[in-house]
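Before any comments, here is the structure.
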2 protein chains.
Amino acid sequence: MAKAVSEKTLSRRVQIVSVATRLFHEKGYNATSMRHLAEQLGMEAASLYNHISGKDALLEQICFDMATHYNAHMEEVETATCTAIERVEKLVRFHIGMMLTHFEEVYVTNRDWKHLKEPLLANFLQQRKAYEKRFSKLVEQAVLAHEIQAVHPHAAVLTILSAVRGIEFWQRNPRNISAEQLEEDMVKILLKGLRK
Amino acid sequence: MAKAVSEKTLSRRVQIVSVATRLFHEKGYNATSMRHLAEQLGMEAASLYNHISGKDALLEQICFDMATHYNAHMEEVETATCTAIERVEKLVRFHIGMMLTHFEEVYVTNRDWKHLKEPLLANFLQQRKAYEKRFSKLVEQAVLAHEIQAVHPHAAVLTILSAVRGIEFWQRNPRNISAEQLEEDMVKILLKGLRK
DNA sequence: ATATTTTACTAACAAGCGTTAGTTTTGCTA
DNA sequence: TAGCAAAACTAACGCTTGTTAGTAAAATAT
C-alpha cells in the first residue's frame, strides 16, 4: 500500500526535522553538522539523504512552517468579532504562547532565517514584512478607535514582537517565575503601556 | 620609538575587530571565515595572526567589550541621585541608545555569545546574570517605592531588555520611523506600562 | 516465498576551515 | 645607510564539512 509507505517516510522525516530543530537551537544552523544530526538519530549522515534533499531543506521546513502557522493565526484574528484592542491582545498572547509551546522552532526561525538560500530568503522576508504590516494595521485601527494611545503602529509592533522574544531568556532558567505569571506580567506591561 | 609601533599595531588590531564585527553581524560567527575577513581587509588570512591570536579572540573582544561597557553604565546609574523609576528610565534609554549607536556589536553579542569557548562562556554568562540581577533590583526598588505597579521585577527586566532588542528589526528598514520617535514611543509604552 | 521498494550502510569526493612554519617585504631607528 | 622589528606573503598541514555513488539489509507487496 503506497500510502502506508509514504506515512512512514513522512514520520521519519518529521523525526529528523524535530531533532534538527533541537540541534539548531542548541548550536545554531552552521555549527550543526549532518554527522552530528545523524548520530543523534542513530544513523549515518549519508542515510539522511534518503529522507531529505539536503541541510537547506531542514531550515526551510522549520522557517516556512512557522510562517504558515503565523499567517493562519493572523487570518483568524482579523476575522474575529471583537474590538481592535482585543485583537491586539489576542496577538500578544498568541506570540507568548508560541514562545512557550513551540520554543525551539520559534527560536531557530528568529535567529537562523538569515541562512536561508535565495530565492527562499527573499520569500521569507517578504512574508515577514507582510505579517508585520497586517499587525501594524490592527494597531492602527486601535489607535483610530481611540482604544490605545497615539504611538506609531510600527514602533508598537516592534516593541511587542521583541518583548515577547525575551521569553527566550526566561527559558534559560525558568525557576524564578512561572510561565503563567510571566505571560500575565508581560501582557500587563505591554497592554497597559499601549492603552489610553 | 616603541610606543609608536605599539600604537600602530593596536590600530590595525582595532581595525580588524571592527571589520570582523561587521561580518559577524552580516553572516554570523560560524559563517564568517578568516579568509573572507582577510579579503575585506586587503590581506591574506595568515597575516591576521600577526595581530590576533585566533578567531576566538575576535568574538571574545566584542562580547567582553560590551559587557564592560554595560557594567560601567550600571555603576553610573546605581550611584546617580534620582528616584527609582528615573533609574529604570535611564537604563531603558541607555539600552535603546546602544542599539542605535553600537548596533553591530550589540547584535553580535546578543546572538553569538553562545560560540564563546569555555571558560569564557561561563564568565560571560555569569556577568550577564549579575547584570540582570542588578537591573531587577532597581525595578524592585521602584515597586517598593510604589512608583510602578506590582509586576515581578525579573519579568519586567526581560520585557524591557528584549523589547529594546527589537530595534534590530527597525535597523533593517529605518525609513518608516525616525530613531528619535522610535525611542520615544518605546519608552512611552514600556514606562507607561510599568507605572502605577 | 518471491519480487520490489525503501532505507540503511561504507567509502570517498571536492571544498573549505582555522592555523602554523618559514620567508620576504616594509618601514622605522640609530 | 645598515640593522632590526613589524607585518605582509606563500605554502601547506590536518581536519571537518555537505554530499554522492554504489551496495547490502530490511520491510513491504504480490
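Order of the sequence lines fixes the chain letters, A, B, ..., with proteins taken first and strands second; residue numbering starts at 1 for each chain. We use all heavy atoms of the structure for the numbers below, so side chains are in, but hydrogens, waters and symmetry mates are not.
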What nucleotide, of [options], holds the atom closest to the side chain of [X]?
X     : options                : result
A/Y49 : C/dT10, C/dA21, D/dT19 : D/dT19
B/H51 : C/dT10, D/dA7, D/dG18  : D/dA7
A/A45 : D/dA8, C/dA8, D/dT19   : D/dT19
B/A46 : D/dA8, C/dC9, C/dT20   : C/dT20
B/E44 : D/dA8, C/dG18, D/dT10  : D/dT10

Worksheet item: Relative to each other, are the rings of B/H102 and B/H69 parallel, tilted or perpendicular (30° and 60° limits)?
Response: perpendicular
- Measure from the ring center of A/H95 to the ring center of A/Y131 and say whether it is less than 6.0 Å. yes
- Aromatic centroids of A/Y107 and A/F24 separated by under 6.0 Å: no
- Message: Can a side-chain donor-acceptor contact be found between A/Q40 and A/R22 if the only test is distance below 3.5 angstrom?
- Response: yes
message: When you measure only distances, ignoring hydrogens and angles, does the side chain of A/R35 come within 3.5 Å of the base of D/dG18 through a donor and an acceptor?
response: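 Between D/dG18 and A/R35, which were checked side chain against base, a qualifying N/O pair under 3.5 Å is present.
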Self-check item: Quiz item: B/N50 side-chain donor-acceptor pair to D/dA6 base, under 3.5 Å
Solution: no
Exercise for the section: May I ask you to verify if any side-chain N or O of A/S47 is less than 4.0 angstrom from the OP1 or OP2 atom of C/dC9? Expected result: yes
* Asked: Within the structure shown, what part of the strands sits under 4.0 Å from B/T32 by heavy-atom distance: base, sugar-phosphate, or nothing?
  ->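 Answer is sugar-phosphate: B/T32 comes under 4.0 Å of backbone atoms only.
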Rounded to whole angstroms, how far apart are [atom1] on [X] and [atom2] on [N]?
X     : N      : atom1 : atom2 : value
A/M43 : C/dT10 : CE    : P     : 12 Å
B/L37 : C/dT19 : CG    : P     : 11 Å
B/D56 : C/dT19 : CG    : C1'   : 11 Å
A/L48 : C/dT6  : CG    : P     : 18 Å
A/N30 : C/dC17 : CG    : C1'   : 12 Å

